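See structure below.
Sequence lines set the chain letters: A, B, ... in the order given, protein chains first and strands last, and positions in each chain run from 1. Computed from a predicted structure; not experimentally measured.
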Number of protein chains: 2
Amino acid sequence: MSLTERKRQLVRDELTEAALKLLAFQGFEETTIDQMAAAAGVSRRTFFRYFPSKEDVIVEFLSDLGRKLSHSLSTRPATEPPPVALQNALRVFTDTFWEHPEKSQRLANVMVSTPALLARYLERQVTWRATLSAELAVRMGVDPEADLRPAVLVAVAFAAFDTALIRWVAQGSTTDLNTLLSDCFATAFPT
Amino acid sequence: MSLTERKRQLVRDELTEAALKLLAFQGFEETTIDQMAAAAGVSRRTFFRYFPSKEDVIVEFLSDLGRKLSHSLSTRPATEPPPVALQNALRVFTDTFWEHPEKSQRLANVMVSTPALLARYLERQVTWRATLSAELAVRMGVDPEADLRPAVLVAVAFAAFDTALIRWVAQGSTTDLNTLLSDCFATAFPT
DNA sequence: CTTCGGTTTGGCACTGAGTGTCAACATTGC
DNA sequence: GCAATGTTGACACTCAGTGCCAAACCGAAG
């Protein structure tokens, strides 16, 4: 990575970190972009050169993971039935959460408890669903236009994930997210 | 209903109708609140006395239905297993769509194809999920705090509904929404 | 060391969403 | 007719987001 790229990444991290602190402290609506920019030591205008909107400071982090999802699914062995493959594909999320526990916790907390952020996150999820459905359709060897099943299975998998995530936050991140996810999948896809 | 209340409802309907026309014609981002207000013959300030945000002109219509959801579930016979009861509870939506076909179509079209509107709709849905989960928990006779199942089942039901809705719009509202919904439920809740 | 080309940055001005306030006006009840 | 209440439009304000331009910065070539 070049020097300028690393500097960019540095500013980016500084912004998310500053934003996370402010949001956790005073809430999303009460925090202005000027405050976040000032806390990171850049101008308001520069903020928008790193994030297209106020919501994205938080949501981009998950969007990065979301983009890896369909690739993650494609690397699952073909022997795995769709539900198992989907659950394992979602490890891109749970693994990253596991690697950065405290950041993930704060992030998930703010996101789930802030309607505007939750909305943006769910909006992104819809786009991931589309690409994942396509991926799952080829895996199942069916036509995604004619067959509803891949789309439904993906939607159900995300429903399980969301439920696990919301529950995880509600319980103060005390239980293990992966355990919760397994439980949710067990109900969503009874054997 | 009193005269003032009827007048209020009249203005409200006028606003949604004007908004729907404009949005279908020029898209959500390109339409300003001034335009919608002017088209309905009221001031910009009055618009906000009827809808708290630009998105709500469209989304409120569905929110009204969402509020009826848990009541709808509570009136389903106790003999129905959860998936069936949930599917039938969702008839609040499909029935209303059936009663106002062309309005529902335009509305769903705009909503599904506009990220900002879809986001708001999904955000609302999360709140319905919470109340529906509680309702389903009492129906199942379990503790909604300790038991994940009601929350997961509700989430899966909405996943099926969303998939059906998106597919319905994608197919140009040619197929019957209820048929699509049944198909999606069949995959989401295999017998 | 200097100059050149590309990128990053900050400041400024502008549009549009959303809110508080107030005065004008209509409606309902007495 | 009159008072209480509710609705409306106008104005002013904050904040999100964008376009534009000039200054600062940085790597490379001379």
Mind checking whether [X] and [Y] have parallel, tilted or perpendicular rings, split at 30° and 60°?
X	Y	result
W168(B)	F97(B)	tilted
F61(A)	H100(A)	perpendicular
F47(B)	F51(B)	tilted
F161(B)	F93(B)	tilted

If you check every side-chain atom of D34(A), which of dG11(C), dT8(D), dA16(D) has the closest atom?
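Closest nucleotide among those given: dA16(D).
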
Can you figure out which of dG9(D), dG10(C), dT8(D) approaches the side chain of S43(B) most closely?
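Looking only at heavy atoms from C-beta outward on S43(B), the closest nucleotide is dG9(D).
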
Find the distance [X]:[atom1] to [N]:[atom2] and express it as a whole number of Å.
X	N	atom1	atom2	value
R44(A)	dT14(D)	CZ	P	13 Å
E29(A)	dT19(C)	CD	P	10 Å
E5(B)	dT28(C)	CD	P	11 Å
R12(A)	dT9(C)	CZ	C1'	17 Å
F48(B)	dG18(C)	CZ	C1'	5 Å
R45(A)	dA16(D)	CZ	C1'	12 Å
F47(B)	dG16(C)	CZ	C1'	13 Å
F51(A)	dT9(C)	CZ	C1'	16 Å

Is T46(A) near enough to dG10(C) that one of its side-chain N or O atoms lies under 4.0 angstrom from OP1 or OP2?
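Looking at the OP1 and OP2 atoms of dG10(C), one of them is under 4.0 Å from a side-chain N or O of T46(A).
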
Closer than 4.0 Å, any side-chain N/O of Y50(B) to the OP1 or OP2 of dT8(D)?
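For dT8(D), OP1 or OP2 has a side-chain N or O of Y50(B) closer than 4.0 Å.
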
Report which part of the nucleic acid R49(B) touches: base, sugar-phosphate, or nothing (heavy-atom distance under 4.0 Å, all strands).
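If one applies the 4.0 Å heavy-atom cut-off, R49(B) turns out to touch a base.
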
When you match E55(A) and G41(B) each to their closest nucleotide on DNA chain D, which lands nearer the 5' end?
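On the 5' side of the pair lies G41(B).
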
Quick one, Y121(A) and L122(B) - any side-chain contact, counting heavy atoms below 4.5 Å?
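No, every pair of side-chain atoms sits at 4.5 Å or beyond.
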
Residue whose nearest DNA chain C nucleotide is more 5′ - K7(B) or P52(B):
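Checking each residue's closest nucleotide, the 5'-ward one belongs to P52(B).
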
